[in-house]
Amino acid sequence: MEYRTLGGTGTIVSSLCLGTMTFGSESSEEASHAQLDRFLEQGGNFIDTANVYSRGVSEEIIGRWLATRPGVRDQVVIATKGRFPMGAGPNDVGLSRTSLTRALDASLRRLQVETVDLYQAHAWDALTPIEETLRFFDDAVKAGKIRYAGVSNFLGWQLQKAAMLTGFLGLTPIVTLQPQYNLLVREIEFELTGVCQNENIGILPWSPLAGGWLTGKYRRDEVPTGASRLGENPERGMEAYAPRNAQQRTWQVIDAVREIAESRGVSMAQVALAWTADRPAVTSVILGARTVEQLDDNLAAAEFHLSVEETTVLDDASEPIIGDYPYGPQGRQQRASGREL
């Protein structure tokens with residue numbers, strides 16, 4: 001396992017993070033504990049969850065795991081999130097002080113810990129002034145309930161505003177961003193990667209395998225069936241089969257990943273994870289597995305790196321389809337005109 005600092009902090013985390021969205025839904029408690037044990041055995045020390053994962057069950061499973069393994073709490077960095085509905089009340093959702101106070105206290109109880117190492121806003125809340133959320137984070141740090149603050153699924157201007165306000169107001173900084181990022185979804189590079197580099201914010205990519213697409217298990221023009229996420233629901237969320245199947249770029253990327261995997265004698269998942277882990281500003285890549293066997297394959301990417309040539313092949317194959325302006329060639333030329341280094 002390799003290690004990196006958590007954004008601009010001095011806390012050290014493994015370059016692969018164990019995501020626990022499957023706990024309590026796709027993975028039983030026994031299977032979840034087995035994954036946690038294996039992750040720790042392989043040198044992993046960073047665990048990510050959220051209050052909405054299985055409506056609190058994921059946090060409860062982690063809490064019971066910690067409670068039965070003395071000393072483990074001091075070995076791991078635990079991250080969780082709040083923002084999405086956990087009840088029917090109007091204040092059971094959002095980033096207000098009222099909502100986050102309830103959400104954080106409930107997460108601490110479920111996790112059976114006194115402090116969460118990284119507490120994250122799971123998404124932007126248009127109804128709550130961001131200053132209120134940032135002040136909540138600062139107060140939670142001072143109260144010893146959290147150590148660091150992060151955000152997830154923010155847009156570029158939202159992240160930049162939050163980062164600048166913490167500096168201007170003297171509040172605890174935003175140290176991480178958790179966005180979707182993989183070879184099929186590279187749009188964070190338009191704005192968010194630059195903000196993270198400029199503000200020393202670490203990126204924690206979720207869905208690095210694009211919901212299983214980058215493992216090579218899906219076939220062109222063959223609607224998935226069987227025991228897989230898309231096999232059970234081909235229209236599942238952002239990774240739905242039909243829209244991605246219709247894009248030539250999807251199969252162009254998958255073919256490039258497969259070719260490199262075969263030439264290196266590794267799985268396609270390991271190639272895709274290695275590409276993501278070595279992108280600018282990335283701190284730790286969030287893994288999502290159903291079984292220990294899937295986790296083992298993912299963990300094999302911990303010290304696997306692509307060559308410059310292989311990275312270029314994947315970059316070219318996965319180049320996002322964009323217009324000329326503001327992110328395309330003409331926009332980039334305009335911003336650089338006369339100022340090239």
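Counting begins at 1 with the first residue of the sequence.
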Q | Residues Leu108, Val116; criterion side-chain contact (heavy atoms from CB on, under 4.5 Å); working and verdict | A | CA-CA 7 Å; Leu108 291 171; Val116 167; 3.6 Å; yes

Q: Report the C-alpha distance between Asn153 and Gln180 in whole Å, list the side-chain angles of each, state the deciding distance to 0.1 Å, and finish with yes or no for side chain to side chain donor-acceptor pair (under 3.5 Å).
A: CA-CA 7 Å; Asn153 303 312; Gln180 181 177 189; over 6 Å; no

Q: Assess the side chains of Tyr53 and Lys81: does a donor N or O sit below 3.5 Å from an acceptor N or O?
A: yes

(Q) Looking at every non-hydrogen atom in both residues, tell me the closest pair between Val292 and Gln35 and how far apart they are. (A) CG2-N, 3.9 Å

Q.
Looking at Arg290 and Asp297, is any side-chain nitrogen of the basic one under 4.0 Å from a carboxylate oxygen of the acidic one?
A. no

**Q.** Whether over 12 other heavy atoms sit under 6.0 Å from Glu41 CD
**A.** yes

**Q.** Residue pairs passing the salt bridge (Lys or Arg N to Asp or Glu O under 4.0 Å) test where at least one lies in residues 153-167, sequence neighbours excluded
**A.** none

Q) Considering residues, nucleotides and ligands other than Glu114, do more than 12 of their heavy atoms fall under 6.0 Å from its CD? A) no

**Q.** Arg236 with Glu239: basic N within carboxylate O range, under 4.0 Å
**A.** yes

(Q) Distance check, rounded to the nearest 0.5 Å: Ile286 atom CD1 versus Ser152 atom OG? (A) 7.5 Å

Q) CG/Leu295 to CZ/Phe39 distance, rounded to the nearest 0.5 angstrom? A) 7.5 Å

Q) Is the closest basic N to carboxylate O distance between Asp255 and Arg220 below 4.0 Å? A) no

Q) Taking the six-membered ring for Trp, is the centroid-to-centroid distance between Trp213 and Tyr241 below 6.0 Å? A) yes

(Q) Check this for me: does any side-chain nitrogen of one of Asp37 and Arg69 sit under 4.0 Å from a carboxylate oxygen of the other? (A) yes

**Q.** Modelled atom types, side-chain donor and acceptor of Tyr3 and Ser15, under 3.5 Å
**A.** no

(Q) Do the side chains of Lys142 and Asp138 get close enough for a salt bridge, i.e. N-O under 4.0 angstrom? (A) yes

Q.
Would you say CE of Met1 has more than 12 non-hydrogen atoms from neighbouring residues, nucleotides or ligands within 6.0 angstrom?
A. yes

Q. Does Glu26 CD have over 12 foreign heavy atoms under 6.0 Å away?
A. yes

**Q.** side-chain contact (heavy atoms from CB on, under 4.5 Å) between Thr80 and Leu118, intermediate numbers included
**A.** CA-CA 7 Å; Thr80 192; Leu118 176 65; over 6 Å; no

Q | Near-ring test Trp65/Phe23, centroid separation under 6.0 angstrom | A | no

(Q) Quick test of your reading of the model: are Arg332 and Asp324 salt-bridged, counting only N-O distances below 4.0 Å? (A) no

Q) Taking NZ, NE, NH1 and NH2 as the nitrogens, is one of them in Glu310 or Arg264 under 4.0 Å from a carboxylate oxygen of the other? A) yes

**Q.** Minimum heavy-atom distance Tyr325-Gln334, with the two atoms named
**A.** CE1-OE1, 3.4 Å

Q: Flag the pair Arg249 and Glu319 as a salt bridge only when some basic side-chain nitrogen lies within less than 4.0 angstrom of an acidic carboxylate oxygen.
A: no

